Undergrad: 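Below is a structure I'd like to ask you about.
Computed from a predicted model, the values in this text were never measured in an experiment. When a ligand or atom number is given, it counts from 1 through the structure's own listing order.
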Amino acid sequence: MERTLILIKPDGVQRRLVGTIIQRFEQKGLRLAGLKMVQADRDLAARHYAVHQGKPFYESLLKFLESGPTVAMVWEGREAVAVARNLMGGTDGAKAPPGTIRGDFGLSVQNNLVHGSDSRENAEQEIALWFHENELVAYESSDNAWIG
Ligand code: IDP
Ligand code: MG
């Protein structure tokens, strides 16, 4: 079973889109394995976005992630990483297609509501960064046979 880390970034929380965004992942058939609200500090923000260090938007990006609470989630299911990225849409909300989270609710490049891991390997690293293993819950969902 593949897992992915999804964050509802501070703009999504402030804009009261938490329920709407969770619903997209839930309705698709992914299964929620962990969820919590986190006020990211500089260390967590820097570790999460370490790959972007040195880019012109890096400092602003860290300030954005630190600017308020984030909802951190682990979703699992078949092809969870790619499925979640498709549900999110591309980075720039202005270009992301309608029907995607960013396409439906965002216009900004930076303030684009959600983060989703971009590979299975990064997903495992990011899950370990945001969650303790004992915060994740393994269970059988009763509709498994129907969803796959
Ligand atoms: P992704 O979130 O779609 O994977 P990345 O390229 O990994 O996009 O960038 C990480 C985050 O950095 C984006 O989600 C967005 O918040 C921000 N970002 C990316 N490119 C820019 C930019 O050109 N200007 C400002 N912020 C950016
Ligand atoms: Mg990325």
Undergrad: What protein heavy atom sits nearest atom 1 (P) of ligand 1, and how far off is it?
TA: Thr91 OG1, 3.6 Å
Undergrad: Side chain, backbone, both or neither: which part of Arg102 comes within less than 4.0 Å of ligand 1 when only heavy atoms are counted?
TA: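 The part of Arg102 near ligand 1 is the side chain, not the backbone.
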Undergrad: Between Lys9 and Asn111, do the side chains contain an N or O donor and an N or O acceptor separated by less than 3.5 Å?
TA: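 No donor-acceptor contact under 3.5 Å links the two side chains.
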Undergrad: Quick one: does ligand 1 sit under 4.0 Å from the side chain of Lys9, the backbone, both or neither, non-hydrogen atoms only?
TA: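 Side chain only.
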Undergrad: With a 3.5 Å distance limit and no angle check, can you tell me whether Thr4 reaches the backbone of Ala123 through a side-chain donor-acceptor pair?
TA: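 It does not hold such a pair.
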Undergrad: Decide whether an N or O pair under 3.5 Å exists between Gln110 and ligand 1.
TA: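 Yes, since at least one N or O of Gln110 sits under 3.5 Å from an N or O of ligand 1.
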Undergrad: Answer yes or no on whether Lys36 is positioned over the face of Phe131, meaning its NZ or CZ is under 6.0 Å from the six-membered ring centre and within 45° of the axis.
TA: yes
Undergrad: For Glu126, run the side-chain hydrogen bond (donor to acceptor under 3.5 Å, both in side chains) check against Arg3, His48, His115, Arg47 and tell me which one passes.
TA: His115
Undergrad: When rounded to the nearest 0.5 angstrom, what is the spacing between CH2 in Trp130 and OG1 in Thr70?
TA: 5.0 Å
Undergrad: Checking contacts here: is it the side chain or the backbone of Tyr49 that comes within 4.0 Å of ligand 1, counting heavy atoms only? Could be both or neither.
TA: side chain
Undergrad: Heavy-atom distance under 4.5 Å between the side chains of Ile22 and Leu35, does that happen here?
TA: yes
Undergrad: Could you state the interatomic distance from CG (Asp11) to CG (Leu65), rounded to the nearest 0.5 Å?
TA: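 Reported to 0.5 Å precision, the distance equals 10.0 Å.
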Undergrad: Output the list of atoms in ligand 1 that are nearer than 4.0 Å to some heavy atom of Arg85, sorted by atom number.
TA: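 Reading through ligand 1 atom by atom, the close ones are 1 (P), 4 (O).
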Undergrad: Can you pull out the closest protein heavy atom to atom 25 (C) of ligand 1? Residue, atom name and distance to 0.1 Å, please.
TA: Phe57 CB, 3.5 Å
Undergrad: Can you check which of Leu61, Leu113, Asn122, Leu65 brings a heavy atom nearest to atom 17 (C) of ligand 1?
TA: Leu61
Undergrad: Non-hydrogen atoms of Asn112 versus ligand 1: any pair closer than 4.0 Å?
TA: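 Yes, Asn112 has heavy atoms under 4.0 Å from ligand 1.
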Undergrad: Mind checking whether Val109 contacts ligand 1 via backbone (N, CA, C, O), side chain (CB onward), both or neither, at a 4.0 Å heavy-atom cut-off?
TA: both
Undergrad: Tell me whether His52 reaches ligand 1 (any heavy atom closer than 4.0 angstrom to a ligand atom).
TA: yes
Undergrad: Would Arg42 and Glu59 count as a salt bridge (Lys or Arg N to Asp or Glu O under 4.0 Å) if you check the C-alpha gap in whole Å, the side-chain angles of each, and the deciding distance to 0.1 Å?
TA: CA-CA 10 Å; Arg42 169 74 30 157; Glu59 179 57 31; 3.2 Å; yes
